[in-house]
Amino acid sequence: DVADRVPIAAWGHTFFEEWSASDLARVTLKRTHEFQFDYAKLQVRATCFGEALGSEFRPSGALTQPVAVKPLVRESADWGSVPDVVPGKLPSALGDQVDCLHRVVDAIGPDVPVIQTLFSPLSVAAYLLGRDPDRVVRELRADPKRLGTVMQKIAGWLVEFAERSVEAGASGVFYAIVKYASKGVLSWQEYSEWVLPYDLLVAERLPRKSWLNMLHLCGDHVYFDLARILPFNCVNWATRDPGNPGLADGQRMSGKAVVGGMDRHSPIAAGTAAEVRAEASDALRAAGAQGVFLAPGCSVSPWPDEKAENMNAMREVAVEFGRG
């Protein structure tokens, strides 16, 4: 059925709270209730997947990403130490994220879908190097067969994580391809031959009960054909980043629901409520109100704790547009 209005939500990292399942759940619930979001996207610690497979990270002590302490892979031969999936058993770094999700689902009630975040296999592989995107691309080009074996193992862990998350109450997943499906990083031939098979391996094995599955294409000049190829319900990307389609074009190109229209930095984080209203209105005038989720194209940074009126302005526009 057509919703009574465009759904809204936003998400952003909580670099202090993300190390505790209870603290992350508390912040997620606070934001969802405060701004009346229509779904909750769990913003897991970005390094948790690398930690689960053997890399070590520590909090930065600031509003920045965790710091690498000891990567699992120091030399190319170390890729062989990536562990095989253990059915029914998750490492604690992933088990904590499932625990957090369960807390949110229990507290939020049945009317607000909660989606779990998964990084793609290649995105996770970079964290096994201590969060080194340039090196993981070099390693992939040097030995795509070896990296393929690694990504297959990672895909197995991601499917296991998705299954445990859905059992805990998740309505779906947010599948993030972190800046690798972009023209300036890998060619389309490289990506489609060496990486896409493992994206498909995860996407096609998601739990059958997982109904709200969102693809996130991170970065600029993204390979938007992936939105059509990968079997997700909807797609999220930064519409204002160079080389990316706008919201209406993305809807036409993918044939799916689109999630975005708002820039992650400004005006939502650094501008005024009037500027947020203008940006949201422009997005919905261009794309219409059906098959559209109004949201940022990536994690809001910094989170506008002192600008609640900006988040509220996004909701006000969605209500005003109604069904379009």
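Predicted, not measured: the structure shown is a model, and the values here were computed from it. By convention here, the first residue in the shown sequence is residue 1.
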Do any pairs count as a ring-ring contact (aromatic ring centres under 6.0 Å, His included) and have a residue in [range], sequence neighbours left out, and if so which ones?
| range | result |
| --- | --- |
| residues 178-200 | Trp188-Tyr223 |
| residues 80-120 | Phe49-Phe119 |
| residues 51-94 | none |
| residues 264-307 | Tyr39-Phe293 |

Item to check | Residue pairs fulfilling side-chain hydrogen bond (donor to acceptor under 3.5 Å, both in side chains) with at least one residue in residues 111-125, sequence neighbours excluded | outcome: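 For residues 111-125, and leaving out neighbouring residues, the side-chain hydrogen bond (donor to acceptor under 3.5 Å, both in side chains) pairs sorted by first residue read Lys41-Thr117, Gln116-Ser165, Ser120-Ser123.
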Looking at [X] and [Y], does any basic side-chain N land under 4.0 Å from a carboxylate oxygen?
| X | Y | answer |
| --- | --- | --- |
| Asp23 | Arg26 | yes |
| Arg31 | Glu34 | no |
| Arg5 | Asp38 | yes |

Rounded to the nearest 0.5 Å, how far apart are [atom1] of [X] and [atom2] of [Y]?
| X | Y | atom1 | atom2 | answer |
| --- | --- | --- | --- | --- |
| Asp96 | Cys48 | CG | SG | 9.0 Å |
| Asn244 | Asp249 | CG | CG | 11.5 Å |
| Arg146 | Leu140 | CZ | CG | 11.5 Å |
| Met262 | Ile8 | CE | CD1 | 9.5 Å |
| Leu215 | Ile229 | CG | CD1 | 10.5 Å |
| Leu212 | Cys234 | CG | SG | 5.5 Å |

Next on the checklist: By the definition side chain to side chain contact (heavy atoms under 4.5 Å, CB included), identify the one residue from Asn236, Val202, Asn213 that meets it with Tyr175.
Outcome noted: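 Of all the options given, the one that passes is Val202.
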Got a list of side-chain donor-acceptor pairs under 3.5 Å for residues 84-92, not counting sequence neighbours?
none

Checklist entry - Can you check side chain to side chain contact (heavy atoms under 4.5 Å, CB included) on Arg264 and Arg240, steps first, answer last? => result CA-CA 9 Å; Arg264 63 181 296 201; Arg240 288 173 54 183; over 6 Å; no
With a 4.5 Å cut-off on side-chain heavy atoms, are [Y] and [X] touching?
| X | Y | answer |
| --- | --- | --- |
| Cys218 | Ile177 | no |
| Leu63 | Pro302 | no |
| Leu196 | Leu230 | yes |
| Asp134 | Arg138 | yes |
| Asp263 | Ile268 | no |
| Phe35 | Met314 | no |
| Val104 | Leu42 | yes |
| Phe224 | Val235 | yes |

Checklist entry - side chain to side chain contact (heavy atoms under 4.5 Å, CB included) between Arg131 and Gln65: does it pass, once the steps are laid out? => result CA-CA 10 Å; Arg131 198 172 68 234; Gln65 292 275 1; 3.5 Å; yes
Next on the checklist: Pair Glu51, Ser55 - check side chain to side chain donor-acceptor pair (under 3.5 Å), show working.
Outcome noted: CA-CA 5 Å; Glu51 294 167 40; Ser55 287; over 6 Å; no
For [Y], does its backbone N or O pair with a side-chain atom of [X] as donor and acceptor, under 3.5 Å?
| X | Y | result |
| --- | --- | --- |
| Trp157 | Pro83 | yes |
| Ser266 | Ala270 | no |
| Asn312 | Ala308 | yes |
| Asp220 | Gly243 | no |
| Ser192 | Gln189 | yes |
| Trp237 | Pro245 | yes |
| Gln251 | Gly291 | yes |
| Ser182 | Gly184 | no |
| Thr149 | Lys145 | yes |
| Asn233 | Lys256 | no |

Next on the checklist: Is a donor from one side chain sitting under 3.5 angstrom from an acceptor on the other, for Gln43 and Ser299?
Outcome noted: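 Checked: Gln43/Ser299 side chains pair up, N/O donor to acceptor below 3.5 Å.
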Checklist entry - Thr14 and Glu18: side-chain donor and acceptor closer than 3.5 Å? => result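 Absent: no donor and acceptor within the cut-off.
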Pairs satisfying salt bridge (Lys or Arg N to Asp or Glu O under 4.0 Å), at least one member in [range], at least two apart:
| range | value |
| --- | --- |
| residues 73-83 | none |
| residues 290-301 | none |
| residues 202-217 | none |

Checklist entry - If you look at every heavy atom in Ile154 and Ala125, which pair is closest and at what distance? => result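 That would be CD1-N, 3.9 Å.
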Next on the checklist: If the condition is salt bridge (charged side-chain N to carboxylate O under 4.0 Å, His left out), which residues does Glu275 pass it with, not counting sequence neighbours?
Outcome noted: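 Salt bridge (charged side-chain N to carboxylate O under 4.0 Å, His left out) list for Glu275, sorted by chain: empty.
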Next on the checklist: According to salt bridge (charged side-chain N to carboxylate O under 4.0 Å, His left out), who are the partners of Arg141, at least two apart in sequence or on a separate chain?
Outcome noted: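 Applying salt bridge (charged side-chain N to carboxylate O under 4.0 Å, His left out) to Arg141 gives Glu190.
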Item to check | side chain to side chain donor-acceptor pair (under 3.5 Å) between Ser22 and Ser20, intermediate numbers included | outcome: CA-CA 5 Å; Ser22 59; Ser20 161; 3.0 Å; yes
Checklist entry - Where do Val317 and Leu284 land on the side chain to side chain contact (heavy atoms under 4.5 Å, CB included) test, with the steps shown first? => result CA-CA 9 Å; Val317 170; Leu284 295 186; 4.1 Å; yes
Item to check | Sequence-distant partners of Thr32, side chain to side chain contact (heavy atoms under 4.5 Å, CB included), two or more places apart | outcome: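 For Thr32 the side chain to side chain contact (heavy atoms under 4.5 Å, CB included) partners, ignoring immediate neighbours, are Thr28, Phe37, Ala40, Ile108, Val112.
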Checklist entry - Is Phe16 reachable from Trp19 through a run of I, L, V, M, F, W or Y residues, each pair having side-chain heavy atoms under 4.5 Å apart? => result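 Trp19 and Phe16: separate clusters.
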